[in-house]
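Working notes, structure below.
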Amino acid sequence: MQQDLLSSDAESQSTAQRPPQRVSAAGRAVQALRRRLAEGTWSAGDRLPSEPQLAEELGVSRVSTRTALAQLEGEGLISRRRGSGTYVNSVRPLVSSLHQNVGADQLITSTGHVPGISEMSWRQSKADEEIAERLGIDLGAEIIHLYRVRTSDGSPVTVEHDYFPAALLHGRPFNLGSSLYAFLASECGIEITFGIANLEPALVGPERASVLGVEETDLCLVIKQVDYDAAEMPVSYSVEYHLASAFDFRLVRQGPAHLAASAAPGSKA
């Protein structure tokens with residue numbers, strides 16, 4: 001795997017590097033609450049502690065706590081009942097919910113299997129029209145292309161292509177690990193706040209069929225996603241091919257009652 005210094009072209013772009021973005025207090029609260037839900041701190045139907053108690057436990061203000069709870073309610077993880085409190089939904093989405101912006105290894109772990117990587121490589125190349133548009137950079141700008149094949153209990157289930165501007169690296173030597181999000185946070189000082197994804201079904205096709213060990217006509221779910229930082233600037237672009245037979249993706253859709261309550265005069269976030 002290539003481990004040398006990036007080219008002088010990438011170094012010359014370092015002046016365009018944005019300053020590291022700090023995660024907001026509300027963002028930290030959302031992360032902490034999601035972690036507790038995933039770990040089973042509260043069971044389905046449980047009532048959460050009051051806002052003042054949560055704010056004290058999380059070390060943030062009540063305003064930040066209220067903002068975090070509103071975000072989790074919008075994702076379908078919790079329900080707030082006026083005059084009663086906040087409850088964990090009885091049909092709580094697991095990590096495989098498409099509402100949660102997590103890596104493929106966490107998706108695989110959520111199904112009770114052991115994640116792994118059978119192939120991983122990276123190379124420096126130039127942004128084509130699609131990548132340049134997605135990342136908001138010039139056509140032909142230097143980028144890093146990370147390629148990985150994810151496994152579940154040793155069997156390949158996901159092919160991933162990730163792209164990010166080489167300018168984020170300031171020309172330093174680097175070592176990409178299994179988690180791009182962790183790398184961007186630790187090496188580039190950039191926290192991914194949210195992602196916007198397009199989903200489409202597709203056939204695996206001949207190239208990926210040989211990698212995944214399946215038939216060309218097998219189905220996969222293609223997720224094309226742009227990840228953004230706290231300043232809503234695009235940081236990375238990914239194209240993931242998930243073998244349909246290996247995952248159980250789901251969406252939580254709010255009903256009319258929730259929408260009516262949100263639109264009611266005087267309703268609070």
N/O donor-acceptor pair under 3.5 Å between Ser152 side chain and Ser155 backbone: no
Pair Ile144-Leu176, side chain to side chain contact (heavy atoms under 4.5 Å, CB included): steps then yes or no: CA-CA 10 Å; Ile144 302 299; Leu176 283 167; 4.1 Å; yes
Within-4.5 Å side-chain heavy-atom neighbours: Ile192 and Asp229: no
CA sep, side-chain torsions, deciding dist, call: Leu37, Thr41, side chain to side chain contact (heavy atoms under 4.5 Å, CB included): CA-CA 6 Å; Leu37 289 170; Thr41 301; over 6 Å; no
Least distance between heavy atoms, Ala230 atom then Thr193 atom: N-OG1, 3.1 Å
Whether over 12 other heavy atoms sit under 6.0 Å from Glu56 CD: no
CA sep, side-chain torsions, deciding dist, call: Thr151, Val157, side chain to side chain contact (heavy atoms under 4.5 Å, CB included): CA-CA 5 Å; Thr151 62; Val157 293; 5.8 Å; no
Working for side-chain hydrogen bond (donor to acceptor under 3.5 Å, both in side chains), residues Ser61 and Ser64: CA-CA 5 Å; Ser61 69; Ser64 295; 3.2 Å; yes
Side-chain donor/acceptor of Ser210 to backbone N/O of Glu207, under 3.5 Å: yes
Rounded distance (nearest 0.5 Å) linking atom CG of Leu72 with atom OG1 of Thr67: 11.0 Å
Minimum heavy-atom distance Leu33-Ala68, with the two atoms named: CD1-CB, 4.2 Å
Derivation of the side chain to side chain contact (heavy atoms under 4.5 Å, CB included) call for Val204 and Glu215: CA-CA 8 Å; Val204 170; Glu215 298 294 329; over 6 Å; no
Minimum side-chain heavy-atom gap Gln124-Ile143 below 4.5 Å: no
Sequence neighbours excluded - ring pair (Phe, Tyr, Trp, His ring centres under 6.0 Å) pairs with any residue from residues 217-245: Phe194-Tyr228, His242-Phe247, His242-Phe249
Under the ring-ring contact (aromatic ring centres under 6.0 Å, His included) test, residues paired with Tyr163 that sit two or more places apart: His145
Under 3.5 Å donor-acceptor, Arg208 side chain and Val214 backbone: no
Side chain proximity check, Val226 to Ser236, heavy atoms < 4.5 angstrom: no
Separation of Thr86 OG1 from Glu73 CD (nearest 0.5 Å): 7.5 Å
Partners meeting ring-ring contact (aromatic ring centres under 6.0 Å, His included) with Tyr147 (sequence neighbours left out): His161
Check: Val239 and Asp162 side chains under 4.5 Å, non-hydrogen atoms: no
Ion pair Glu119/Arg150, N-O distance below 4.0 Å: no
4.5 Å side-chain heavy-atom contact, Ile223 and Asn198: no
Close side-chain approach of Pro201 to Leu219, heavy-atom, < 4.5 Å: no
same_hphob_cluster(Leu169, Met120) at 4.5 Å side-chain heavy-atom cutoff: yes
Residues Glu142, Lys126: salt bridge by 4.0 Å N-O rule: yes
Asp218 vs Leu203 side-chain heavy atoms within contact, under 4.5 Å: no
Ile137 with Ile196, same ILVMFWY side-chain cluster at under 4.5 Å: yes
Stacked cation flag Arg80 on Tyr87, 6.0 angstrom / 45 deg: no
From OG (Ser121) to CZ (Arg123), nearest 0.5 Å: 8.5 Å
Distance, nearest 0.5 Å, that separates CD of Glu160 from CD of Glu240: 4.5 Å
Expected output: side-chain Asp138 to main-chain Ala141 donor-acceptor under 3.5 Å: no
Interatomic spacing from CD in Glu57 to OG1 in Thr65 - rounded to 0.5 Å: 9.5 Å
Pairwise distance CG(Leu69) to CZ(Arg62) - rounded to 0.5 angstrom: 11.0 Å
Name of the residue among Ile117, Leu212, Leu243 meeting side chain to side chain contact (heavy atoms under 4.5 Å, CB included) with Pro156: Leu212
Pair Asp227-Gln225, side-chain donor/acceptor within less than 3.5 Å: yes
Hydrophobic cluster identity match, Val63 and Val30, side-chain contacts under 4.5 Å: no
Heavy atoms of other groups near Glu200 CD, more than 12 under 6.0 Å: yes
